[in-house]
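In this chain, numbering begins with 1 at the start of the sequence shown.
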Amino acid sequence: MRQRFVIVLATLLLVLLGLYGQYQLAPERLTEQFVRSLYQVFMLFFLEGEWTLAIVQLPLALELVRFLAPMATFASLLLVLASSARVSLSNYFLRHYAGHTVVVGLGKRCWQFLRTYDDKSKLVVVERDPENLMVNRVRELGVKVVIGDIFEDNMFDRINLGQADTLLAFTGSDGTNVELAMKARDHVRVKRDRIERLRVHIHLNEIGLAHQLESYPKFFSNQPITETSFFSVYDLSARLLLRDYPPEVFADVAGQDRVHLAIYGFGRLAETLMIEAALLCQYANGSRLKLTVFDEDAEHCALQFAAEYPYLELICDHEFVKLSSFGPHVFGGELAELLPGITQHVVCRETDEENLSLALMLRSTLLERLSSNAPILVHMQQSSGLAQLLESNTGDPEIPDGLYPFGMLDQVLHADHILASELDVLARCLHELYLQAQQTAEPDSRQSLQPWNDLPQWEKKQNVLKADHWPVRLRAIRCRIDPAPLAAPRLSDEEATLQATMEHGRYLTQKIFDGWSYGEVRVEEARINPFLVPWEALPEQQRLREIDDAKREPGSIALESGISFSRSLVLGVSGHRLDKMAVNNRLLKERIVIELEKLGERYPEHRFTILSPLAEGADRLVARLAMEVLDAALQVPLPLPYDLYIADFESSQSVAEFQALVGRAEYYFEMPMRFGNLRELASSHLGNGARDKQYALAGAYVIQRCDQLIAIYDGEPEAGVGGTGQMVRWYGEGGIDEEFLYPNRYFAAPIRTAPIIIHPGSA
């Protein structure tokens, strides 16, 4: 790329230099006969400069061009030939490659994968269309591209597929991708010297086809030869949505006892999201997921969905609601009653423009109703463009408007997400632990007891889903996956029981979804299992075994895979605003830092989170210092919607500071508007106390969810609802008013140590 740029630049400079020489010869001719003069200069590049021989004294500029122009032409030809030769030579040596990754089908989705793959020297792309404009772009990345049909007789040998590590099928046809996987398996079977299995990742648009193939034994024959898995944009988007915006976190903030997702528009993405949520939304309180789909053709969608997934109604509640048009007028009557119970809205219609328009309309509608301002997740195709209106890049200033983009191709089709190597490693470890726990069983008594390489695909997926659910289970005991933990935590009996209970709920859900049913005697072929009963109905011996498995998991997984987790310690902050404290007080900062350092020493194996509404004054000061001293993650519960909240800030600089801090947050979320809608909360002159109650609600959430409260407090008596004095009393003595209570439905209760109280003016 750089060489071509240099050649083009040199050619342009020589042309300009030649025109300058023409001007020196005869200024009037250059003006009157410009095209002829330009033509004469260009002829110098092809050794056609006889016209210069008639000139007695040739200007120096033309002398230089006459000498250098043919050299530029020769260099250009040499570059083209060298580039072509280099491509041919590198493609020839592909037949001797080993351990490489072969990608078939060069399109927009493939491009997103290629640009995020770390070792591009290991990539080989096969593209049928020589006119594909992306070929040169991919080669500029350092990726080898072979032009030809993957099904040509000798193509597998040309790319040495027999010694490849991974094959990705990215063609635009599901049928072609499946055919490629089968022929690749047949080819590898012939290569008897192969040690490792070929990992095949197939992109499928049809979700139903993927589910059917996973339980089709013929497709997954010869497991020792290849390891095949399916992926799609829709599947990855749904999984990342549930990972990045955990439904139980937002349900907890909303004060709801179960997760309720409202989905707008029913297509492949909505269908996939419903399935993924039904299988993974298994929480500590055992609540049943609710799904509501709004679509113009709801009746037809409901019939089609029920026919394809007949067992889903056994594991979650779902309904389809007909909406011929979307607008504020449609949310009346029975639909209006649904809104306060919805914990997340997901907009996934056809285009980005349609999604954004619907999301903005929905947002304005929700703000007009009590306790209905749940977050709105908006499907976007790319991180650029309209998605930038919803969310900035990570770490940049952020306006927390309750709208969250998801599903952007440049993020979803990341190599880490498609290859999912960490997830596979975790799934394999979980299966090994299961085998160790079942050593007394006969090796061939059931398919789930086979070694990983011999395990049927549907059993492998069972382990992958278990691995995918692991972060949900960890959050329930106030832990998180940690790439570099100091030591794997030991679970208490209570924690291990909760982990086992949640895993059994997930296992039960998965089996029912796959068509299994309860029976006293296990019959694999009939899909009958004696353990398909609620946790309480399991035999005591089985419960004890599963609890013991949960206890052994952390240490064993960390030892085998290096994947572990750390306990989270949540710091809450409450304190005075700028009218009662000076945030630039050096002694105050030093005192806060000292207390934070003590916490770091007291909990050396914990990862810290600071829970702060980021109001002016103590909230921001403690949050900044906690992130600096303890590397704490920031979570921001907003007492009011953004436009109302910033009206209480003193200056535009304060607003900018707030946005910068929110941009660094792990999560931000609005507290439900329990005490008034947007207009009522904005009308502070009414003196109804609704605004103060919203601040009290945010403070109450902080003190009920934190392990350690840091209060910047002058000790003065309580001045009113939501003040620091009230928060300190509630944290220390309890007695929280019922309208501000947050029961521990999804997560274990915090430690709740004695509050750290620092006077705003003391040293």
Problem - Minimum-distance pair of heavy atoms, taken over all atoms of Ala278 and Cys316 - result: CB-SG, 4.1 Å
Handout entry: Polar side-chain atom of Glu597 near backbone of Leu630 as donor-acceptor pair, under 3.5 Å
Key = no
Exercise for the section: Would you please say whether a donor-acceptor pair under 3.5 Å links the side chains of Tyr234 and Glu271? Expected result: no
Practice task
Output yes when a side-chain donor or acceptor of His606 lies under 3.5 Å from a complementary backbone atom of Leu599, and no otherwise.
Solution key: no
Handout entry: Donor on one side chain, acceptor on other, His260 and Thr292, under 3.5 Å
Key = yes
Exercise for the section: Could you tell me whether the side chains of Arg607 and Ser568 share a donor-acceptor contact shorter than 3.5 Å? Expected result: no
Exercise for the section: Please confirm whether the backbone N or O of Tyr742 pairs with a side-chain atom of Gln704, one donor and one acceptor, at under 3.5 Å? Expected result: yes
Fill in the blank from the handout: Quick note, salt bridge (charged side-chain N to carboxylate O under 4.0 Å, His left out) partners involving residues 736-746, not counting sequence neighbours, are Lys693-Glu739
Exercise for the section: Check the side chains of Thr753 and Gln708 for a donor-acceptor pair under 3.5 angstrom, ignoring hydrogens and angles. Expected result: yes
Problem - Distance flag, aromatic centroids of Tyr283 and Phe747, threshold under 6.0 Å - result: no
Practice task
Would you tell me whether Gln499 and Glu503 have side-chain atoms, one donor and one acceptor, within less than 3.5 Å of each other?
Solution key: no
Completion exercise
Per side-chain contact (heavy atoms from CB on, under 4.5 Å), Met274 is matched among Leu261, Leu279, Leu291, Val346 by Leu291
Problem - Side-chain donor-acceptor pair present, Asn285, Arg258, cut-off under 3.5 Å - result: no
Exercise for the section: Give a yes-or-no answer on whether the side chains of Gln510 and Asp514 include a donor-acceptor pair shorter than 3.5 Å. Expected result: yes
Handout entry: Option among Lys466, Glu495, Arg506, Gln282 that satisfies the side-chain contact (heavy atoms from CB on, under 4.5 Å) test with Arg473
Key = Lys466
Completion exercise
Contacts satisfying salt bridge (charged side-chain N to carboxylate O under 4.0 Å, His left out) that involve residues 525-534 (not counting sequence neighbours) are none
Exercise for the section: Kindly state whether the ring of Phe305 and the ring of His318 have centres lying under 6.0 angstrom apart. Expected result: yes
